[in-house]
Amino acid sequence: MKKKFSLHNKVVVLTGGGSGIGKAIATTFAAQGAEVHILDFNLDAANDTVVEIAKSGFTAKAYKCNVSDYKQISEIINLIADVSTVDILINNAGIAHVGNIEVCATEDLDRLYEVNIKGVYNCAKACIPLMKNNGGGAILKKMDFIMFILP
């Protein structure tokens, strides 16, 4: 992959990097020189991304993680911080519910909130103190939206 920008010596924490947009972000950032730490609910998928990155000669590591669980996020972020900095957090993990509001159960809405909102909060809350101690960092969020279509 052609160098688009340099992330040499930067450490990236990426949620939801096992597939889709997250996988593309992980492979792109690794190819630009970043050390990528992939947090994903599906560890097998995250490990597949790590293998793909490693085949290209770059560095990545996978962690099984539920972003809605602050204790789990905090433990993983602290493991990473024990050996390196956290320069960039990419909040990519997200889930969707297909259907209109009439078929969206309260439990579905709660799960959307837990992953898509609380997950972003949990990751930022765990990373911001580390970034501040290291003199700064960047936090990115893939944009999601909710749309209801009425007949």
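All values reported here derive from a predicted model rather than from experimental measurement.
Put simply, Val115 and Ile76 are part of the same group of oily side chains (I, L, V, M, F, W, Y) that touch within less than 4.5 Å, one to the next. Phe29 and Ile21 fall within a single hydrophobic cluster, where Ile, Leu, Val, Met, Phe, Trp and Tyr side chains are chained together by heavy-atom contacts under 4.5 Å. Grouping the Ile, Leu, Val, Met, Phe, Trp and Tyr side chains by contacts below 4.5 angstrom, directly or via other members, places Leu140 with Val12.
Taking Tyr63 as the reference, His37 meet the ring-ring contact (aromatic ring centres under 6.0 Å, His included) condition, with sequence neighbours excluded. With sequence neighbours excluded, no residue satisfies side chain to side chain donor-acceptor pair (under 3.5 Å) with Lys132.
The side chain to side chain donor-acceptor pair (under 3.5 Å) pairs that include a residue from residues 44-60 are Lys23-Glu52, where partners are two or more places apart or lie in different chains.
Between Arg111 and Ser68, the closest side-chain pair of non-hydrogen atoms falls below 4.5 Å. A heavy-atom distance below 4.5 Å is found between the side chains of Asn116 and Ile95. Proximity of Ile128 to Ile139: side-chain heavy atoms (C-beta onward) are separated by under 4.5 Å at one or more points.
Using a 4.0 Å cut-off between charged nitrogen and carboxylate oxygen, Glu75 and Lys71 count as a salt-bridge pair.
Ile73 and Asn66 make their closest contact through CG1-O, 4.2 Å (heavy atoms, listed as atom of the first residue, atom of the second, distance). Contact record, Ala81 with Leu130: CB-CD1, 3.7 Å, taken as the closest heavy-atom pair.
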